[in-house]
Number of protein chains: 2
Amino acid sequence: MDGHALSELEGVVLGVVWKFGPCTPHAIRSHFFASRSARFSGSAGAIYPLVARLERAALLRSRSDRLRRQRRRLYEITPAGRRRLVTWISPPFRDQDVGALHDPIRTRVYFLAALPAPERRRFLGDAEAGLRRTLDLMKQDLAGYRHAGSHLSVLAMRGAIGLARAQLRWLAAIHDDVVRAGARDRG
Amino acid sequence: MDGHALSELEGVVLGVVWKFGPCTPHAIRSHFFASRSARFSGSAGAIYPLVARLERAALLRSRSDRLRRQRRRLYEITPAGRRRLVTWISPPFRDQDVGALHDPIRTRVYFLAALPAPERRRFLGDAEAGLRRTLDLMKQDLAGYRHAGSHLSVLAMRGAIGLARAQLRWLAAIHDDVVRAGARDRG
DNA sequence: TAAGGCATGTAAGACGTTACATGATTAC
DNA sequence: GTAATCATGTAACGTCTTACATGCCTTA
């Protein structure tokens with residue numbers, strides 16, 4: 001992280017501190033708790049060592065603070081951190097960044113011939129139900145961001161919603177094929 | 001992995017061995033090398049210990065083999081492994097499986113106000129170019145799967161292509177907003 | 001007064017990756 | 001003959017998760 005590239009989590013944390021700082025590590029964690037994406041949990045064991053690392057690299061700086069009698073530490077981004085954030089965001093993109101997205105449902109579809117036809121039907125039904133729930137939650141998030149005037153969060157959320165809709169369209173489109181698929185030949 | 005749930009990589013490997021087995025660990029690795037998804041690299045340091053683990057858990061069994069004078073080990077799935085695969089594929093899905101997909105481009109969009117407007121334009125242009133390249137490659141993969149008669153691979157690939165198209169539509173839709181966005185207020 | 005949110009951290013472990021080391025076989 | 005591919009593995013490391021430990025503050 002000193003000479004090397006930032007990890008995905010390091011980049012996001014740097015971005016969060018830039019966008020919402022000065023803030024406590026706990027506040028940073030809250031963003032991950034609130035996120036629909038399960039990529040990172042925002043666990044203490046990840047965040048506290050990470051901000052310490054970023055501070056040692058002079059990308060963040062911190063000061064002690066006190067809220068009532070509650071001790072806490074406020075982090076903010078440094079000019080070097082700001083430059084590093086710009087580099088992290090900017091092209092060129094790595095192949096993995098613009099490559100195929102990872103989708104656990106799709107991964108399982110590759111092996112769906114391992115299930116008997118009724119189970120395959122249940123698979124598709126449950127996946128659709130789960131995606132619809134997620135979609136509803138994301139629509140609520142979207143309304144919240146709109147209300148808060150978080151312009152870029154609104155745009156990003158539209159992307160996430162577009163992906164969920166694409167997943168749902170795909171499930172509907174392949175339904176008949178899947179239920180009939182690969183009964184004897186492993187698909 | 002004995003009493004616990006299978007990791008994503010363990011599930012996929014079990015599925016690959018079921019679908020293409022008996023096969024060598026090297027052949028398993030090839031599937032990851034050929035995959036458009038960057039979730040797993042198929043590194044030797046992941047695969048060889050993993051198949052050994054699955055064999056200890058009696059989900060795979062193996063036998064020594066020889067191709068010319070090349071020693072190798074062929075793995076195939078056991079009945080217990082087959083049952084475990086079915087469980088791994090089947091609902092109920094975890095929240096993370098039907099939650100928002102992780103998309104590195106979208107992650108960066110949250111912080112796009114950190115870039116000046118011309119850089120934001122370049123960001124969108126490069127992302128679009130990268131996604132189009134991926135899309136083209138995936139279309140070739142699709143044709144290959146069709147030709148090979150890999151029915152479920154065709155269906156899965158249609159899902160991946162649908163997602164890439166959704167990403168491209170999203171980028172086009174937010175273009176004007178992004179370029180104007182959050183010049184002073186961090187978006 | 002109990003529950004839950006705010007706040008900071010550490011320890012152990014799971015799970016990957018990168019890099020290395022070795023050797024046989026095939027295609028140019 | 002030499003480069004690429006097939007083939008098997010190990011060692012060191014990075015990074016994140018789970019679980020634990022502690023304490024303050026607010027609300028019901």
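Chain letters run A, B, ... following the sequence lines, proteins first and then strands; every chain starts at 1.
- Across D:dT10, C:dT17, D:dT8, the shortest atom-to-atom separation from the side chain of B:P25 is found for D:dT8.
- In terms of position along DNA chain D, the nucleotide closest to A:E8 lies nearer the 5' end than the nucleotide closest to the other residue of the pair A:L67 and A:E8.
- Rounded to whole angstrom, the span from the CG atom of A:D65 across to the C1' atom of C:dC6 amounts to 13 Å.
- At most 12 heavy atoms of other shown residues, nucleotides or ligands fall within 6.0 angstrom of atom CZ in A:R68.
- Rounding to whole angstrom units, CZ of residue A:F33 and C1' of C:dG4 are separated by 14 Å.
- For a distance-only test at 3.5 Å, the side chain of A:Q70 fails to qualify as a donor-acceptor partner of the base of D:dC25.
- Across D:dG9, D:dC16, C:dG9, the shortest atom-to-atom separation from the side chain of A:F40 is found for D:dC16.
- A salt bridge links B:E8 with A:R108: at least one charged nitrogen is closer than 4.0 Å to a carboxylate oxygen.
- Across the interface with DNA chain D, nearest-nucleotide mapping of B:A44 and A:S43 shows B:A44 to be the residue nearer the 5′ end.
- Phosphate proximity of D:dC16 to A:S7: present, with a side-chain N or O under 4.0 Å from OP1 or OP2.
- The distance from atom NE2 of A:H4 to atom C1' of D:dT15 is 13 Å, rounded to the nearest whole Å.
- The distance from atom CZ of B:R66 to atom C1' of D:dA7 is 12 Å, rounded to the nearest whole Å.
- Of all nucleotides listed (C:dG9, D:dT8, D:dT17), C:dG9 comes nearest to the side chain of A:R73.
- For the OP1/OP2 pair of C:dA7 and a distance below 4.0 Å, the side-chain nitrogens and oxygens of A:R29 include no atom meeting the criterion.
- Distance from the side chain of A:R69 is smallest for D:dC24 among the nucleotides C:dT10, D:dT8, D:dC24.
- Across the protein-nucleic acid pair, B:L50 atom CG and C:dT17 atom P stand 11 Å apart, rounded to whole Å.
- Between A:W88 and B:F111, the two ring planes are tilted [angle within 30° to 60°].
- Of the candidate nucleotides D:dT10, D:dT18, C:dT8, D:dT18 has the atom nearest to the side chain of A:S41.
- The interatomic distance linking A:H102 (NE2) with C:dC15 (P) rounds to 15 Å, in whole Å.
- Taking atom CZ of residue A:R71 and atom P of nucleotide D:dC24, one finds them 10 Å apart after rounding to whole Å.
- Atom CZ of A:R146 is separated from atom OG of A:S153 by 12.0 Å, given to the nearest 0.5 angstrom.
- Atom-to-atom, CD1 of A:I47 to C1' of D:dT15 comes out at 12 Å; the value is rounded to the nearest Å.
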Pair B:H31, B:F20 - check ring-ring contact (aromatic ring centres under 6.0 Å, His included), show working. CA-CA 10 Å; B:H31 288 280; B:F20 303 103; 4.4 Å; yes
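- Between A:R39 and D:dC16, a side-chain N or O to OP1/OP2 separation shorter than 4.0 Å is absent.
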